Asker: 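The structure follows.
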There are 2 protein chains.
Amino acid sequence: MASSTEPISTSPDLDLYAQKFKALADPKRLELLNLICRRGSVCVCDLVDEMAIPQSKLSYHLKILLNAELLHKENRGTWSYYSLNSKEMDRLLSNEICRVLSPSC
Amino acid sequence: MASSTEPISTSPDLDLYAQKFKALADPKRLELLNLICRRGSVCVCDLVDEMAIPQSKLSYHLKILLNAELLHKENRGTWSYYSLNSKEMDRLLSNEICRVLSPSC
DNA sequence: CTCCTTCATCAAATTATTTTGATTTATTAG
DNA sequence: CTAATAAATCAAAATAATTTGATGAAGGAG
């Protein structure tokens, strides 16, 4: 809706934040974020190798992080390259946590 | 494994962070944090009135937030007073998000 | 063209979380 | 003392998230 009578941005859209935190609410996905961050940009097949996780499972988790806008995705041919959305991570998390999740980024 | 040749504390306990984010991963709980923050210190019965939510449900969510150390709890007689653990919130979240979740705190 | 790789998606099975209503313990008030 | 209130906990039911293995679409390699 977002009608013109609604208070502008007084509603911080708790659902939207909840979605982002939900994406972060899993150790596997935190590990994934960390790995992607360290690699800069990685394709799924490399992640499968490094994480020792079935590909469909990986795609599932990547999608959750992507939907939460914590990742960027770029398609090159049949490959999909994922990278961290640092801007969004920074916007969300403290420096301390960013450093923990993304050391040397 | 965890052999002695492994780098110490390379794992910053992702499980622990995941737990905290899981606590934040629910719009009802974010609303709850916000309300508690604005009140400073509130007992469960007041929260039941303000949130229009069954008491057992509220206690369930409070427990999750407490376990994640996002809240403090103080018992006075039969009353339980909950308040925000601002230190932990600040440690975890960006200023922007802290402000959104805890306006005027 | 044919075969192979990459990756997303799907449906079913599994597992985890949440909701509900009842019960329980402790405390307070009359 | 007895009544009533505060809040935690419990078990069952309802929902939601995750895992798994299979399939399919699309592009690359020979």
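Keep in mind that this is a model prediction, so the values were computed, not measured.
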Asker: Now, which nucleotide makes the Watson-Crick or G-U wobble pair with D:dT19, with each of the two distances under 3.5 Å?
Answerer: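 WC or wobble partner is C:dA12.
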Asker: Using whole Å, report how far NZ of B:K73 lies from P of D:dA7.
Answerer: 9 Å
Asker: Going 5' to 3' along DNA chain C, which are the first and last nucleotides with any atom under 4.0 Å from a heavy atom of chain B?
Answerer: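 Contacts span C:dT17 to C:dT28, reading 5' to 3'.
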Asker: Working to the nearest 0.5 angstrom, can you tell me the gap between A:L33 CG and A:L65 CG?
Answerer: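 Separation between the atoms: 5.0 Å.
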Asker: Need one value for A:Y82: base, sugar-phosphate or nothing, where a base atom within 4.0 Å counts as base even if backbone is also close, heavy atoms only.
Answerer: sugar-phosphate
Asker: Could you give the NZ-to-C1' distance, from B:K22 to D:dT18, as a whole number of Å?
Answerer: 11 Å
Asker: Pairing donors with acceptors under 3.5 angstrom, does anything connect the side chains of A:N95 and A:R99?
Answerer: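 Judged by distance alone, the side chains do not pair up.
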Asker: Quick one, which residues of residues 52-65 of chain A touch DNA chain C with a heavy atom under 4.0 Å?
Answerer: A:Q55, A:S56, A:S59, A:K63
Asker: Between A:V100 and A:N34, what is the shortest heavy-atom contact and its length?
Answerer: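 Nearest pair, atom of A:V100 first, then A:N34: O-ND2, 3.8 Å.
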Asker: Can you get from A:L92 to A:I64 by hopping between Ile, Leu, Val, Met, Phe, Trp and Tyr side chains that sit under 4.5 Å apart?
Answerer: no
Asker: For the OH atom of A:Y17 and the CG atom of B:L30, what is their distance to the nearest 0.5 Å?
Answerer: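 Interatomic distance, A:Y17 OH to B:L30 CG, rounded to 0.5 Å: 10.0 Å.
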Asker: Enter the distance from B:L66:CG to B:S59:OG here, rounded to the nearest 0.5 Å.
Answerer: 11.0 Å
Asker: Taking a pair as Watson-Crick or G-U wobble with both distances under 3.5 Å, which nucleotide is matched to C:dT24?
Answerer: D:dA7
Asker: Using a 3.5 Å cut-off and no angle test, enumerate the donor-acceptor pairs between side-chain atoms of residues 67-84 of chain A and protein atoms at least two apart in sequence or in another chain.
Answerer:
from	atom 1	to	atom 2	distance (Å)
A:N67	ND2	A:K63	O	3.4
A:N75	ND2	A:S80	OG	3.1

Asker: Measure from CD on B:E74 to C1' on D:dA7 and round the result to the nearest Å.
Answerer: 15 Å
Asker: Using the test side-chain hydrogen bond (donor to acceptor under 3.5 Å, both in side chains), find all partners of A:R91 that sit at least two apart in sequence or belong to another chain.
Answerer: A:E88, B:E96
Asker: Among all residues two or more places apart in sequence or in another chain, which pass the side-chain contact (heavy atoms from CB on, under 4.5 Å) test with B:L58?
Answerer: B:L32, B:V44, B:L47, B:V48, B:I53, B:L62
Asker: Would you find a donor on one side and an acceptor on the other, under 3.5 Å apart, between the side chain of A:R29 and the backbone of A:A23?
Answerer: yes
Asker: How does each nucleotide of nucleotides 24-30 of chain D score, in 5' to 3' order, for protein heavy atoms under 4.0 Å: base (B), sugar-phosphate only (S), or none (-)?
Answerer: --BBS--
Asker: For the CD1 atom of A:I36 and the CD atom of A:E50, what is their distance to the nearest 0.5 Å?
Answerer: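 The CD1 atom of A:I36 sits 10.5 Å away from the CD atom of A:E50.
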Asker: Could you tell me the separation between the CE atom of A:M51 and the P atom of D:dT18, rounded to a whole number of Å?
Answerer: 14 Å
